[in-house]
Chemist: 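Below you'll find the structure I mean.
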Amino acid sequence: MREQQEDDQLTGALAQAASMLRAEPVPRAGWREALLEAVASDEIDQMPLHRWSVRPAAAIAACAACVIAGAALSYGVLRGPAGAPAPGVAASSVRNGDASLPVRFALEAPGAVHVSIVGDFNGWNPAGLPLHRMPDGRTWEVEVGLTPGRYAYAFVVDGRLARDSSAAESGADDFGVPNSVVLVGGS
Amino acid sequence: MLAFGVCLTAGAGRLAAQAASEPALPARLGAPAKTAIVAIMDSARAAGLPTTGLAAKAAEGVLKGADDARIVDAVRALARALGTARDALGPTADPSVLDAGASALRAGVTPATLRSLGNAGATPAGAPALASALVTLVDFVAKGVPPALASQSIEQLLRLGAPESRFVTLRNQVEADIRDGQSPETAVTTRVRTSVQQLGAPAGPGAAHPPPPDPASQTV
């Protein structure tokens, strides 16, 4: 019986405490106004401003230097390692034993797996003259002995025909696909 | 009779050797196209025309994905041009001259002009000079020089006995002039005039030697 009374008293005290905690605290009168007043009157610390001043001539010179450095870097990257053959077509002036002139064909095809050359000089046989990948990993090259004359040709890069952008174009042909042209000179 | 038999045997042997040296026709060609091309090549061979270019033309068409009818038409057109070139340049014309002559015809040079060029090229400089002259002619026309002007210019040089190297030099010079901004027509006219003066000039220091080739030229 006594225990029951103590329990009832305790429950009442807990309920009162919970009700006090749930109740919204009432701010002191004038507290909000005092706070706003204090904020408004507080001085904002001034961040020190660091202003860069550059003369126009110096800025232009810096830009030019950046452009030149970028161009030089790009040239170096695109050209590949020193000594890599340039794409295009070139011939030696010294004739082979059979009176033909050695003509070097080169193509830049970094991602290619197989490159060959086809043309009037090999009966347009795609398997006839494979190009060899050079040590730079980008350029493919082959040397062909050609007698003086005018030859139409194209590269075959992984089974697809590709023009030699460094050579002259043949213009209209019988099949609507222009060829590249090399003129091999005589002695 | 024996001589006739020997000639016949020799002729048959030559044709067989020529056929053996030709590249095989591409396997992708259909049977009717293959039959038509073989017939064209047989006719050309019998007429004494070079046939290697005909087989190559068929292979080029296959490689470029052309249909069979277009390939047969292209082979037939080339065979016809070779025949016309042979008629214009004579039955003894060198195969390299015939090939160059056929290219000239297909570039727009008339058979009459080709005949005239063949006559002008019958000089001690011989077939290499004529072949080089025709190659140069085709190159000029491809660069945009009117065929008539290009033909007259080349014929003028042939009549003066220009050697093979003169035409190579001329091609190099014209190429360089065009790169420098001259029109193809002006470049050819100017350079041929200079060449004519050099070839026609009386013997003297430097007159007998053509100028050295321009190393910057596209001709290699």
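A note on names: the letters A, B, ... follow the listed sequences, proteins ahead of strands, and every chain is numbered from 1.
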Chemist: Please check if any side-chain donor atom of B/Glu60 sits under 3.5 Å from a side-chain acceptor atom of A/Asn179, or the reverse.
Modeler: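 On atom types as modelled, these side chains qualify, holding a pair under 3.5 Å.
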
Chemist: Determine the option with the most heavy-atom pairs under 4.5 angstrom with chain A, choosing from B/Ala77, B/Ala131, B/Ala59.
Modeler: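 Most heavy-atom pairs within the cutoff with chain A belong to B/Ala59.
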
Chemist: Can you find a pair of side-chain heavy atoms, one from A/Val142 and one from A/Val144, that are under 4.5 Å apart?
Modeler: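 Answer yes - side chains close enough.
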
Chemist: Among B/Ala58, B/Gly61, B/Gly53, B/Gly65, single out the residue with the greatest number of heavy-atom pairs under 4.5 Å to chain A.
Modeler: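 Highest number of pairs under 4.5 Å: B/Gly61.
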
Chemist: For B/Ala150, check side-chain contact (heavy atoms from CB on, under 4.5 Å) against everything at least two apart and list the hits.
Modeler: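 If we apply the side-chain contact (heavy atoms from CB on, under 4.5 Å) test to B/Ala150, skipping adjacent residues, the hits are B/Leu137, B/Phe140, B/Val141, B/Val145.
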
Chemist: Between B/Ala100 and chain A, with a heavy-atom cut-off of 4.5 Å, which part of the residue counts as in contact: side chain, backbone, both or neither?
Modeler: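 Looking at B/Ala100, nothing touches chain A.
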
Chemist: With sequence neighbours left out, what residues match B/Asp42 under salt bridge (charged side-chain N to carboxylate O under 4.0 Å, His left out)?
Modeler: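 With sequence neighbours excluded, B/Asp42 shows a salt bridge (charged side-chain N to carboxylate O under 4.0 Å, His left out) to B/Arg45, given in chain and number order.
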
Chemist: In chain order, what residues pass the salt bridge (charged side-chain N to carboxylate O under 4.0 Å, His left out) check against A/Asp120, with sequence neighbours excluded?
Modeler: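 Salt bridge (charged side-chain N to carboxylate O under 4.0 Å, His left out) list for A/Asp120, sorted by chain: empty.
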
Chemist: Spell out the residues in residues 67-74 of chain B that have some non-hydrogen atom less than 4.5 Å away from a non-hydrogen atom of chain A, in order of number; otherwise answer 'none'.
Modeler: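 Near chain A, by residue number: B/Arg70, B/Ile71, B/Ala74.
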
Chemist: Work out which heavy atom in B/Leu89 is nearest to a heavy atom in B/Gly101; give both atom names and the distance.
Modeler: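 In this case the closest contact between B/Leu89 and B/Gly101 is CD1-CA, 4.3 Å.
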
Chemist: Assess the residue pair A/Phe105 and A/Phe121 against the criterion (ring-ring contact (aromatic ring centres under 6.0 Å, His included)); give the C-alpha distance rounded to whole Å, side-chain angles, the decisive distance to 0.1 Å, and a yes or no.
Modeler: CA-CA 13 Å; A/Phe105 295 91; A/Phe121 42 78; 5.7 Å; yes

